[in-house]
Amino acid sequence: MARALVFLALLCLVAFALAGGADARKMVGVYVLKKGDFSVKISNWGATIMSIVTPDSKGNLADVVLGFDTLAEYVNDTSYFGPLTGRVAQRMARGRFVLDGKVYHTYLNDGKNAIHGGHRGFSKVIWTVKEYVGGGDSPYITLYYRSFDGEQGFPGDLDVYATYELSSPYVLSIRTNATALNKATPVNFLQHVYWNLGGQGSGDILGHTLQLSASRYTPMDEELLPSSGRVDPVAGTNYDFLTPTLIGARIRKVKGGNVFGYDINFVIDGEGMRKVASVRDGKSGRGLELSANQPAMQLYTGNFLNNTKGKEGNVYNQYAGFCLETQAYPDAVNHPEFPSITVRPGQVYKHDMVYKFSF
């Protein structure tokens, strides 16, 4: 059965590529950005970060991103290992929203709700490689996708660019932008990377220390939706990471839906490009600092990973990785009290992220 799925996935890749024409830039591939002993692998399938290799405090190299060995496995992926998700990431209640008086229905792929743009959102399409420089002082790749009017139920054509660059030693910068061409549309992207600073497959991330620049959060209901519309202070709750705290310290005291673990949206203090989070793994000595320009961030601790076969024969179980998903407020299309995510024709949405690694 597994072999059959992989074969079907490969057929899908070929079919998608042929549908896009003979241009080699539309073929699915893996692109390496390398600067010294720091390297990043990216695929134009779903604008997916497949691996990030960086040293630890003793100079030992390890891949700190969960994922798969083959592209075909990413096609079948349901855990969202590494892609850029959109047109509207996170959950949308009942896959429905009203914009300028018109009701829109999007594809339902999370029970009664939509998630990460639908069953064929930006994570499940082939992006065009516009530019690629694998080495040198600032290795980078720029990917492009034209999202068409009505795709997954969303209105209007949308031009999307995503650039991944090793801008400094041990620094990965991601710059995304989207221009609405002819209709107003909601837009919210996020990069869904699962991190384990000890190295993928090294065990759980409960011993990682996390600090967030977030004094508020949006409570979630059992469907992981911010149905109340409240924005509450983290003070005195199990969501307070204002000071460095072990991820596992209170993880059995919170639930993301019906399982223990974090799957919660934080409101990031301040505006513009600023520090969002810092994480450190004491065993390896690796650290990660994330900055971004978005108002919020979803912390997800891999609660639903269960015997998931990953890279190099490793099996990922609950808490094998964590996600720091900078974003707009979840389900903002259905909450006028949240900052708007509507982009009107001629307007440009911008989402920038910077990941700084230390050891």
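Just so you know, residue 1 is the first one in the sequence shown, and it goes up from there.
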NZ/NE/NH1/NH2 to OD/OE distance under 4.0 Å, Arg91 and Asp331: no

From OG (Ser43) to CH2 (Trp45), nearest 0.5 Å: 9.0 Å

Neighbour count >12 (heavy atoms, 6.0 Å) for atom NZ, Lys356: no

Atom CD of Glu337 with >12 non-hydrogen neighbours under 6.0 angstrom: yes

Reference residue Tyr194; test ring pair (Phe, Tyr, Trp, His ring centres under 6.0 Å); the match among Phe304, Phe81, Tyr319, Tyr316: Phe81

Nearest-0.5 Å distance, OG of residue Ser147 to CG of residue Asp157: 8.0 Å

Qualifying residues under side chain to side chain contact (heavy atoms under 4.5 Å, CB included), relative to Lys41, sequence neighbours excluded: Val30, Val32, Met50, Ser51

Asp100/Arg344 ion pair, N-O < 4.0 Å: yes

Lys/Arg N to Asp/Glu carboxylate O, Asp232 vs Arg216, below 4.0 Å: no

For Phe154, the rest of its hydrophobic cluster, which grows through side-chain links under 4.5 angstrom: Val88, Met92, Phe97, Leu99, Tyr104, Val333, Ile341

From CG (Leu71) to CG (Asn44), nearest 0.5 Å: 8.5 Å

Option among Tyr164, Tyr170, Trp195 that satisfies the ring pair (Phe, Tyr, Trp, His ring centres under 6.0 Å) test with Tyr355: Trp195

Considering all heavy atoms, the nearest Ile115-Asn109 contact: N-OD1, 2.8 Å

Side-chain heavy-atom pair Arg286, Thr54 within 4.5 angstrom cut-off: yes

